[in-house]
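Contents: one structure, followed by commentary.
As a basis for the values below, the full set of heavy atoms in this structure was taken, side chains included, without hydrogen atoms, waters or symmetry mates. Note on naming: letters A, B, ... go to the chains in the order of the sequence lines (proteins, then strands), and numbering restarts at 1 for each one.
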Protein chains: 2
Amino acid sequence: MARAAKPRENKDKKARDLPTGIALLWGEQDQPARGPKPRLTPQRIAEAAVTLADAEGLESVSMNKVAAGFGVSAMALYRYVPGKAELVELMVEAVLAEPPDLSAAGSGWRPRLSAWAHCQWGVYQAHPWLLAATAMRRQIMGPHQLAWMDAALAALEPTGLTSGQRHQVFLLIAGQVRSLAQQLADFDEDHNREWGRLTSELLNRHSNRFPALTKAIADGAFTSTELDPLDFGLDRILDGVQVLIDRA
Amino acid sequence: MARAAKPRENKDKKARDLPTGIALLWGEQDQPARGPKPRLTPQRIAEAAVTLADAEGLESVSMNKVAAGFGVSAMALYRYVPGKAELVELMVEAVLAEPPDLSAAGSGWRPRLSAWAHCQWGVYQAHPWLLAATAMRRQIMGPHQLAWMDAALAALEPTGLTSGQRHQVFLLIAGQVRSLAQQLADFDEDHNREWGRLTSELLNRHSNRFPALTKAIADGAFTSTELDPLDFGLDRILDGVQVLIDRA
DNA sequence: ACTCAGCGCTTACGGTATATACAGTTGCGG
DNA sequence: CCGCAACTGTATATACCGTAAGCGCTGAGT
C-alpha cells in the first residue's frame with residue numbers, strides 16, 4: 001500500500017489512491033535500483049491479460065491465469081499492479097493505440113468524425129471484452145483514451161458549435177458506437193437465429209400482445225442485413241448534427 | 001438438473017437450456033402438488049434481489065445475501081432459480097414494468113418516441129445496476145422487455161419508414177439512452193469534480209499533446225449543465241430521423 | 001563486504017457459485 | 001389409513017476468486 005516515494009500518512013489502509021493508479025496508466029513509474037531485476041512490467045502483464053481476454057473473454061482473466069502465463073505465482077503480480085481493477089485499466093489503455101490520423105479521412109468534420117467512429121468500432125470488434133471492461137467503474141483515463149477524445153473533439157472544432165455542444169456531440173457518437181457494439185456482441189450469428197426462432201414461437205403464443213413487434217419480425221426487420229447498423233446510426237446522428245449547425 | 005417435466009436426455013450436464021430460462025421469465029411454471037408448500041417464488045426472490053441491488057449495488061447481490069433476506073440458506077434458492085444468471089434476468093424483468101402509454105404523449109411519432117426514451121431513462125435512473133445487469137450476456141428477453149420494444153416500434157409505424165429502418169432507429173434510440181445513462185452513472189457529482197482536477201493537472205503537464213481537449217476543459221464544456229445530455233442527444237437523433245423521413 | 005530494498009513464494013482468509021447427499025414435510029394412490 | 005413419491009430446505013464440499021501477511025533470496029549501493 002502506497003509504497004511509493006515518501007512515507008505517506010497512510011491514513012486509510014484501503015482505498016487505493018488515484019495518483020498511484022494514474023502514475024501506472026501514464027507510465028510514470030521510476031524503476032527501482034536496489035533489488036533483483038524485475039522480471040515483469042505492468043505493461044507486459046497487461047499485454048498478457050489482453051491476449052488472454054481476446055482468447056477466452058474477460059471473465060476468465062484472473063490473477064492466477066495471467067500469472068501462470070509467466071510461470072510465476074499470482075501474488076507476484078501485486079509487485080507491479082495494485083489490484084485487478086488497475087490491471088483492467090491497463091488492459092484498456094494497452095488496447096487503445098494512438099488514435100488514427102483523421103485528417104487522412106477528408107477535410108470536413110463529417111468524414112473525420114465518421115472515420116473516428118469506424119476506428120473505434122474496429123477496436124470494439126477486435127476486443128469485445130472492452131465493453132465489459134469499460135463498464136466497470138473507475139474511468140481514470142490514460143493517455144490513449146484522452147488522445148482518442150482529443151481527436152474527436154478536434155474534428156468537431158470547425159463546426160462552429162459551442163464547446164458544450166461539441167462535447168455533447170462527442171458523447172453522442174462515442175455512446176452510439178459503444179452501445180451498438182454491445183448489441184451486436186450479444187447477438188452472434190447462430191445465437192441470433194435461435195433467438196429469433198424461440199421469440200417468434202413465443203409471439204405466436206401471445207399473438208396479439210405485441211402487434212408491432214410481431215409485424216416487424218414477420219417483415220424480417222431483425223434478420224435483414226441490407227442496412228449496416230453502424231453506418232445507419234451514424235448517418236442519422238450526423239444528419240441531426242448538420243441540422244443543428246445549419247440552424248446556428 | 002433439468003428436473004423439469006420429462007426425464008430429458010440430459011446429454012450435456014452443463015449448459016442450461018434456454019427453454020427453462022424462458023419458462024421462468026414468462027412465468028410458465030406449473031406449481032408442484034406433492035411436497036411441502038414452497039415458501040418462495042422466483043418472482044419474490046427476484047424482488048428481494050432488486051431491493052438489495054437498489055440499496056447496495058449489483059455487485060453485492062449474492063445468493064447468500066438474497067437468501068439471508070428470507071432467512072433461508074443459499075442453496076434453497078436453487079430450488080426456484082437455476083443459477084445466478086437467470087436470477088439477474090428475472091431482476092431485469094421485474095424492474096421493467098409495463099411500458100407507459102405513449103399515446104398520452106402526443107399524436108406524432110416524435111413526441112411518442114421522445115416519451116419512450118424519457119421513460120426508459122427513468123428506469124435507468126431508478127435502478128442504476130440495470131446497466132451492469134444487461135451488460136452481462138444472455139438477453140433472453142421476457143415479456144416486459146418485449147413490451148417496451150413493441151411500444152417503441154409501434155410509435156415508429158406512422159413514419160413511413162421501412163421496417164428495417166424502423167428497427168435500426170429503435171436500436172439507435174435505445175442504445176443512446178443506455179449509453180448516456182452509463183456515462184452519467186460513472187460520473188457522479190463530486191467524483192466528476194475530482195476527475196476534472198486531476199485531468200487538468202495532467203493536461204498541464206502534457207501541455208500540447210491534447211490541444212482540443214485542453215481547450216474544451218478550459219471552456220468549461222465538461223462542467224456546464226446548461227445542456228441536458230438526454231434531450232440534446234435525443235433532439236439530434238430525432239432530427240436525423242426526420243431528415244430521413246423527408247427524403248423518402 | 002555488508003546492508004537492505006525489492007522480488008517471488010507460501011500460506012491463509014473470506015468471499016463467490018454451485019454440486020451432491022440427506023432429512024424433514026406433504027399429498028396422492030392404493 | 002398407509003406408504004410411497006415428490007418436494008422442501010439444509011449441511012457439506014469443491015473449486016474458484018482477490019488479496020493480506022510474512023519469509024527467504026538476490027544483488028546493487030554504500
Side-chain angles (χ1 to χ4, degrees), chain A residues 1-7 10 12-16 20 29-42 44-45 49 52-53 56-89 91 136 138, chain B residues 1-7 10 12-16 20 29-42 44-45 49 52-53 56-89 132 136 138:
Chain A
M1 54 211 59
R3 63 171 58 254
K6 293 298 159 51
N10 193 9
D12 40 351
K13 346 180 58 174
K14 200 64 186 222
R16 327 195 168 293
T20 297
Q29 343 155 22
D30 35 22
Q31 78 269 14
R34 275 303 244 287
K37 292 288 168 60
R39 288 189 243 179
L40 271 41
T41 65
R44 284 192 44 189
I45 294 175
L52 215 172
E56 307 181 32
L58 186 63
E59 71 279 5
S60 85
V61 171
S62 72
M63 296 308 235
N64 243 317
K65 293 231 191 78
V66 174
F70 289 109
V72 301
S73 81
M75 291 312 292
L77 302 187
Y78 285 89
R79 294 277 174 205
Y80 303 92
V81 170
K84 189 177 182 181
E86 287 81 357
L87 172 56
V88 173
E89 297 282 343
M91 290 173 63
M136 306 165 65
R138 292 291 315 272
Chain B
M1 50 212 58
R3 62 171 60 254
K6 293 299 159 51
N10 194 7
D12 40 349
K13 346 179 56 174
K14 200 66 186 224
R16 326 196 168 293
T20 297
Q29 340 153 25
D30 35 22
Q31 77 269 16
R34 278 299 243 287
K37 292 288 170 59
R39 288 189 244 179
L40 272 40
T41 65
R44 285 193 41 188
I45 294 175
L52 216 172
E56 307 181 31
L58 186 63
E59 72 279 7
S60 86
V61 171
S62 72
M63 296 308 234
N64 245 318
K65 293 230 192 78
V66 175
F70 289 108
V72 300
S73 80
M75 292 310 294
L77 302 187
Y78 286 90
R79 294 280 171 202
Y80 304 92
V81 169
K84 189 177 182 180
E86 288 81 358
L87 172 56
V88 173
E89 297 282 343
M136 305 165 64
R138 290 296 311 274

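Remark: B/Ala33, B/Arg34, B/Gly35, B/Pro36, B/Lys37 in residues 32-40 of chain B come within less than 4.0 Å of DNA chain C through at least one heavy atom. The stretch residues 69-76 of chain B touches DNA chain D through B/Val72, B/Ser73, B/Met75, B/Ala76, each having a heavy atom within less than 4.0 Å of the strand.
Judged by distance alone, with hydrogens and angles left aside, the side-chain atoms of A/Lys65 form a donor-acceptor pair with the main-chain N or O of A/Ser60 at under 3.5 Å.
Spacing between atom CD of B/Gln31 and atom C1' of D/dA6 amounts to 14 Å, rounded to whole angstrom units. Atom C1' of nucleotide D/dG9 and atom CD1 of B/Ile45 are separated by 12 Å, given to the nearest angstrom. The nearest whole Å value for the distance from the OH atom in A/Tyr78 to the P atom in D/dG18 is 6 Å. Atom pair A/Leu77:CG and D/dA20:P shows a separation of 14 Å (rounding to whole Å applied). As rounded to whole Å, 12 Å separates atom C1' of D/dT19 from atom CD of A/Glu86. Rounded to a whole Å, the NZ atom of A/Lys65 is 14 Å from the C1' atom of D/dG18. Remark: P of D/dA15 and CE of B/Met63 are 20 Å apart, rounded to the nearest angstrom. Between the C1' atom of C/dG8 and the OH atom of A/Tyr80 lies a distance of 8 Å, rounded to the nearest Å.
Between the base of C/dG6 and the side chain of A/Arg79 there is no donor-acceptor pair shorter than 3.5 Å.
Residues B/Lys84 and B/Val61 share a closest heavy-atom pair of NZ-O, 2.8 Å. For the pair A/Ile45 and A/Tyr80, the tightest heavy-atom approach, listed with the atom from each and the gap, is CD1-CB, 3.6 Å. A pairwise comparison of heavy atoms in A/Ser73 and A/Ala67 identifies O-CB, 3.3 Å as the closest pair.
Taking the side chain as every heavy atom from C-beta outward, A/Leu87 and A/Met63 approach each other to under 4.5 Å.
For A/Arg44, the side-chain contact (heavy atoms from CB on, under 4.5 Å) partners at least two apart in sequence or on another chain are A/Thr41, A/Phe70. Applying the side-chain contact (heavy atoms from CB on, under 4.5 Å) test to B/Ala132 and every residue at least two apart in sequence or in another chain returns B/Leu58. In terms of the side-chain contact (heavy atoms from CB on, under 4.5 Å) criterion, B/Glu59 has no residue partners (sequence neighbours excluded).
Using a 4.0 Å cut-off, some side-chain N or O of A/Asn64 falls inside it from OP1 or OP2 of D/dC17.
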